[in-house]
Structure formats: structure tokens, C-alpha cells
Undergrad: 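Got a structure for you, questions after.
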Amino acid sequence: MSYTKEDIIKLVEEGDIEFIRMQFTDIFGRLKNVAITASQIKKAVNNEIMIDGSSIEGFVRINESDMYLHPDLDSYAVLPWRPQQAKVARLICDVYLPDGTPFSGDPRSTLKKVLAKAAEKGYSFNVGPECEFFLFETDEHGQPTTKTSDDAGYFDLDPLDHGGSTRREICMMLERMGYEVEASHHEVARGQHEIDFKYSDALRTADNVMTFKLAVKTVAQKNGLHATFMPKPIFGINGSGMHTNMSLFKDGKNIFADPSDPEGLSKEAYSFIAGILAHIKSMTAITNPLVNSYKRLVPGYEAPCYISWSSSNRSALIRIPASRGQGTRVELRCPDPSCNPYLELAVCLAAGLDGIERGLVPPAEVFDNIFEMNAAERKAQGIESLPGTLKEAVDLMKEDDVICDTLGEHIVSQYCEGKYAEWDAYRTAVSEWEINEYLMMY
């Protein structure tokens with residue numbers, strides 16, 4: 001729905017709205033907000049709400065801290081989990097500098113720049129995410145544990161699926177916010193769930209992912225549970241991913257579709273795939289941004305860790321789901337839900353467009369289960385691996401001009417600084433595994 005400033009003011013004044021959350025996202029994918037009272041709504045829609053950017057990690061230094069929030073009026077929504085009296089609404093915002101220019105460290109603006117580049121070529125970028133998460137019990141102090149009384153597995157239902165009622169409540173909350181929830185189900189691991197909502201344009205999809213995370217965590221907390229999008233919270237079971245389904249449209253038609261091709265794929269689709277494969281090692285710092293992310297990207301737990309593509313093989317990094325025609329899409333299977341969706345979609349689109357612009361051709365499709373291949377067999381087919389650690393991924397990102405140009409100098413420098421600090425903190429920490437392995441032995 002499209003709103004004007006006057007529409008928003010009227011909705012707030014007549015809708016018993018008491019607070020409006022002006023939301024934005026930092027470069028590490030954390031949702032932030034400034035809450036204003038309804039009396040300030042005219043200032044809000046006129047881009048007059050200010051924040052201190054020096055207090056946001058990865059934003060700016062203290063001597064250049066003043067920034068302004070420019071709300072996307074079409075993002076207005078009432079938060080359905082808040083009280084029905086004195087309601088709370090939200091507006092998703094872009095971050096601007098005092099001179100009226102977009103802030104180069106704003107992830108949402110970064111995605112908009114890449115979308116504008118695609119639009120110059122006549123393309124619109126549609127995305128459908130598959131978001132997985134865990135529901136865990138909390139202790140007597142309300143702190144999260146990694147325990148679950150859930151004994152369900154893939155597609156199981158009550159009474160084994162003890163998180164089912166919470167998952168249903170999340171779906172209902174999302175639908176009240178205008179989401180079209182296509183499916184929800186229990187995932188492979190105990191306590192693991194997935195909710196899929198309908199694809200949309202990339203900017204709205206990234207907004208939806210951020211709202212989805214907030215809804216999941218809020219409803220879980222209300223029900224005495226803790227929801228986490230940590231990629232691999234428990235050793236020995238599957239981790240959580242965010243498979244990302246992508247398609248390019250032009251003049252209302254899906255340009256990835258070509259019924260004359262044996263696979264039903266167009267030249268642009270093949271080049272888009274090739275572009276992502278060409279840049280995937282350097283993109284991984286964005287699609288898989290935590291130290292913990294690389295404990296999910298290991299063989300044996302369905303998460304792809306080998307650089308390949310297939311029309312059917314789920315062990316491949318890129319899969320082409322069966323739907324063809326307007327439903328033809330490229331599914332990238334490595335991203336996890338801890339990533340910043342604005343930056344993730346920005347680098348995915350930039351890599352795919354680079355493939356199209358250069359007319360790249362992907363390597364041969366892989367039909368065999370890559371997890372069952374040994375190193376020699378993978379080498380013979382030219383199948384390389386994703387980075388094995390966060391540091392390796394960040395090092396590779398810094399060397400890729402396409403990815404760095406897409407993100408911009410500010411985000412690259414601040415992101416790398418933050419991730420190197422995260423790696424150093426992990427590298428120098430003494431883990432429980434080390435205590436168990438070495439304390440008695442040495």
C-alpha cells in the first residue's frame with residue numbers, strides 16, 4: 001500500500017497510536033530504533049527525527065554524529081503484539097546526513113543503489129527467503145538455554161512439535177502486518193522451525209526479514225521461550241540457514257525462464273549463476289557473518305560448503321527449484337539468518353549482474369551427492385570449497401573489487417574492522433573443548 005505524509009498523520013491520529021518506532025539497521029544486521037510519541041509524527045514524516053550516529057557501531061565518529069531518519073512511508077504498520085490500547089506503530093527508515101545525502105554506511109541505502117543500477121537495465125529483483133530458527137527454553141531467571149522439550153523432526157506436528165503453537169502465533173502476527181505466509185513447518189533438528197513468506201521486491205524482502213526476526217523473538221519471549229537465529233547453536237545437529245530464492249524480471253516477465261533450453265533456463269540465468277559462483281568466496285563474509293556461521297558450513301548437515309550448482313541436487317551451493325516459467329528462480333543455499341539482509345541481497349544482485357554483464361558461463365552442473373565425494377573426486381570436477389573461517393572470508397572480501405564497490409568504502413572498512421575484532425576475540429578465548437581436551441592430559 002502506498003501512503004502520503006497526510007495518510008500517515010491521519011492513521012496515527014485516528015488509530016489510537018501512542019508511540020511510533022523509527023527503525024533502521026546497522027551494518028552488522030542489528031535492528032535499531034528511536035521511539036517517538038504520536039505528537040511528533042509530523043516531524044517524523046518530514047524527516048526531522050535526529051539520531052546520534054556515533055553511538056551506533058560501524059556508523060561514524062563522534063565529531064560527525066548528527067544523522068536524520070527518513071521514513072519509508074509505505075513501511076507503516078501497527079505492531080500487533082503490542083497492546084491494542086495505546087498502540088505502537090513502526091516506520092522503517094533510511095539514514096541521511098545533515099546535508100540531505102544518504103549515509104554511505106546505511107545498509108538499506110546500499111541495497112537501493114544496486115537496485116537502481118539493475119533498474120537502469122530494465123531489471124527488477126524479486127527475492128523469497130526461507131528463514132530457519134530455533135526455539136529454546138529459558139531458565140528460572142528468564143535467560144536462554146539450549147534445551148528444548150521438542151522431540152519433533154522434519155514436517156512433524158503436535159504433540160511432538162511443542163513449538164507449533166508459538167510458530168502458528170508468529171504466522172498470525174505476520175499476516176496481521178500484511179505478510180503472505182506461504183508455509184511454516186518444523187525443521188530437521190529438535191527445536192528448529194521454518195516460516196516462509198511470499199517473495200517480493202528485494203528492498204521489501206529485506207525489510208520483511210528484519211521485521212520477521214523481531215516478530216519471532218517477541219512472540220517467543222511472550223510464550224516463555226527464546227528464539228535464536230544463531231546459525232549453529234548445538235554441535236552435532238543441523239544449523240539454521242536462510243536459503244535465498246532470486247529472480248530477475250523485465251517488463252513483467254521472468255528473464256530467467258527459457259522454455260527452449262533443456263533446463264528451462266535463459267542465458268541470463270546461467271550468467272547470473274556464474275556471477276554468484278565467481279564471487280561467492282568473497283560474498284561469504286556477508287552471507288555468513290559470524291564465527292559461528294562456519295560451524296554450520298561443514299559436510300554432513302545439509303548445509304552447502306562446496307561451490308557448485310545443480311537443477312536438483314540439494315548438496316550443491318546453488319539449486320534451481322523445479323518450478324519454471326514465471327516461477328523460475330535461483331536458490332542460494334549458504335546464507336544464514338544472522339546476516340544483514342540488505343547487504344546480503346546487495347552483493348547477490350551485484351554478483352549476478354556482473355555475471356550477466358560479462359557473459360559468464362557457469363561450470364558444469366553437478367548431479368552427484370558432493371558430500372559423498374572425496375577430495376580427489378571434488379578436485380577432478382573442479383569443485384572448490386567456501387571459506388572455512390570468518391577471517392578467511394573477510395580477507396577474500398577485501399580483494400574483490402565488485403563486492404567492495406557495491407558495499408562502499410565506509411561499510412567495507414567498518415565491517416572488516418568489526419569482524420577482525422570478532423575473530424580475534426574468538427581466537428584468543430579458551431573454550432570448554434580445550435579445557436576438556438588438554439587440562440588433564442598436560
Undergrad: Could you tell me which non-hydrogen atom of Ala38 sits nearest to which non-hydrogen atom of Ile20, and how far apart they are?
TA: CA-CD1, 3.7 Å
Undergrad: Search all heavy atoms of Val114 against all heavy atoms of Ala350 and return the closest pair with its distance.
TA: CG1-N, 3.9 Å
Undergrad: If you look at every heavy atom in Leu390 and Leu290, which pair is closest and at what distance?
TA: CD2-C, 4.1 Å
Undergrad: Would you indicate whether the side-chain heavy atoms of Leu277 and Leu360 approach each other to under 4.5 Å?
TA: no
Undergrad: How are the rings of His70 and Tyr96 set to each other: parallel, tilted or perpendicular (split at 30° and 60°)?
TA: parallel
Undergrad: Any side-chain heavy-atom pair from Leu343 and Leu111 closer than 4.5 angstrom?
TA: no
Undergrad: What's the shortest heavy-atom distance between Leu353 and Tyr123, and which atoms?
TA: CD2-CD1, 3.7 Å
Undergrad: If the threshold is 4.0 Å, N to carboxylate O, is there a salt bridge linking Lys10 and Asp7?
TA: no
Undergrad: In terms of side-chain heavy atoms, does Tyr420 have a donor or acceptor partner in Asp395 at a distance below 3.5 Å?
TA: yes
Undergrad: May I ask you to decide if Phe28's main-chain N or O and Asp26's side chain share a donor-acceptor pair within less than 3.5 Å?
TA: yes
Undergrad: Please report the shortest heavy-atom distance between Phe256 and Thr328, naming the atom on each side.
TA: O-CG2, 3.7 Å
Undergrad: Measure the shortest side-chain to side-chain distance between Met246 and Ile276 over non-hydrogen atoms and say whether it is less than 4.5 angstrom.
TA: yes
Undergrad: Any salt bridge linking Lys250 with Glu268? Criterion: basic side-chain nitrogen under 4.0 Å from a carboxylate oxygen.
TA: no
Undergrad: Run the salt-bridge test on Arg108 and Asp94 with the 4.0 Å N-O cut-off and return the result as yes or no.
TA: yes
Undergrad: Please evaluate residues Phe212 and Val181 with respect to the criterion side chain to side chain contact (heavy atoms under 4.5 Å, CB included), reporting the C-alpha separation (whole Å), side-chain torsions for both, the decisive distance (0.1 Å), and the verdict.
TA: CA-CA 11 Å; Phe212 171 80; Val181 177; over 6 Å; no
Undergrad: Going from CG on Leu91 to OG on Ser75, what distance comes out if it is rounded to the nearest 0.5 angstrom?
TA: 5.0 Å
Undergrad: Consider only side-chain N and O atoms of Ser240 and Gln192, and report whether a donor and an acceptor are under 3.5 Å apart.
TA: yes
Undergrad: Please determine if Lys117 and Glu120 form a salt bridge, counting it only when a charged side-chain N lies under 4.0 Å from a carboxylate O.
TA: no
Undergrad: Thr145 side chain to Glu137 main-chain N or O, any donor-acceptor pair under 3.5 Å?
TA: yes
Undergrad: Between the side chains of Glu182 and Lys198, is the shortest nitrogen-to-carboxylate-oxygen separation below 4.0 Å, so that they form an ion pair?
TA: no
Undergrad: At what distance, to the nearest 0.5 angstrom, does CD of Glu417 lie from CD1 of Ile27?
TA: 9.0 Å
Undergrad: Salt-bridged, Arg204 to Asp72, with N to O below 4.0 Å?
TA: yes
Undergrad: Classify the side-chain pair Glu434/Ser431 by whether it contains a donor and acceptor separated by less than 3.5 Å.
TA: yes
Undergrad: Report the relative orientation of the aromatic rings in Trp309 and Tyr270; use parallel for angles under 30°, tilted for 30 to 60°, perpendicular for over 60°.
TA: perpendicular
Undergrad: Any salt bridge linking Asp139 with Lys147? Criterion: basic side-chain nitrogen under 4.0 Å from a carboxylate oxygen.
TA: no
Undergrad: For the pair Trp423 and Tyr426, name the ring-plane relationship: parallel under 30°, tilted 30 to 60°, perpendicular over 60°.
TA: tilted
Undergrad: Might you point out which heavy atoms bring Asn254 and Leu248 nearest each other, and give the distance in Å?
TA: OD1-O, 3.4 Å
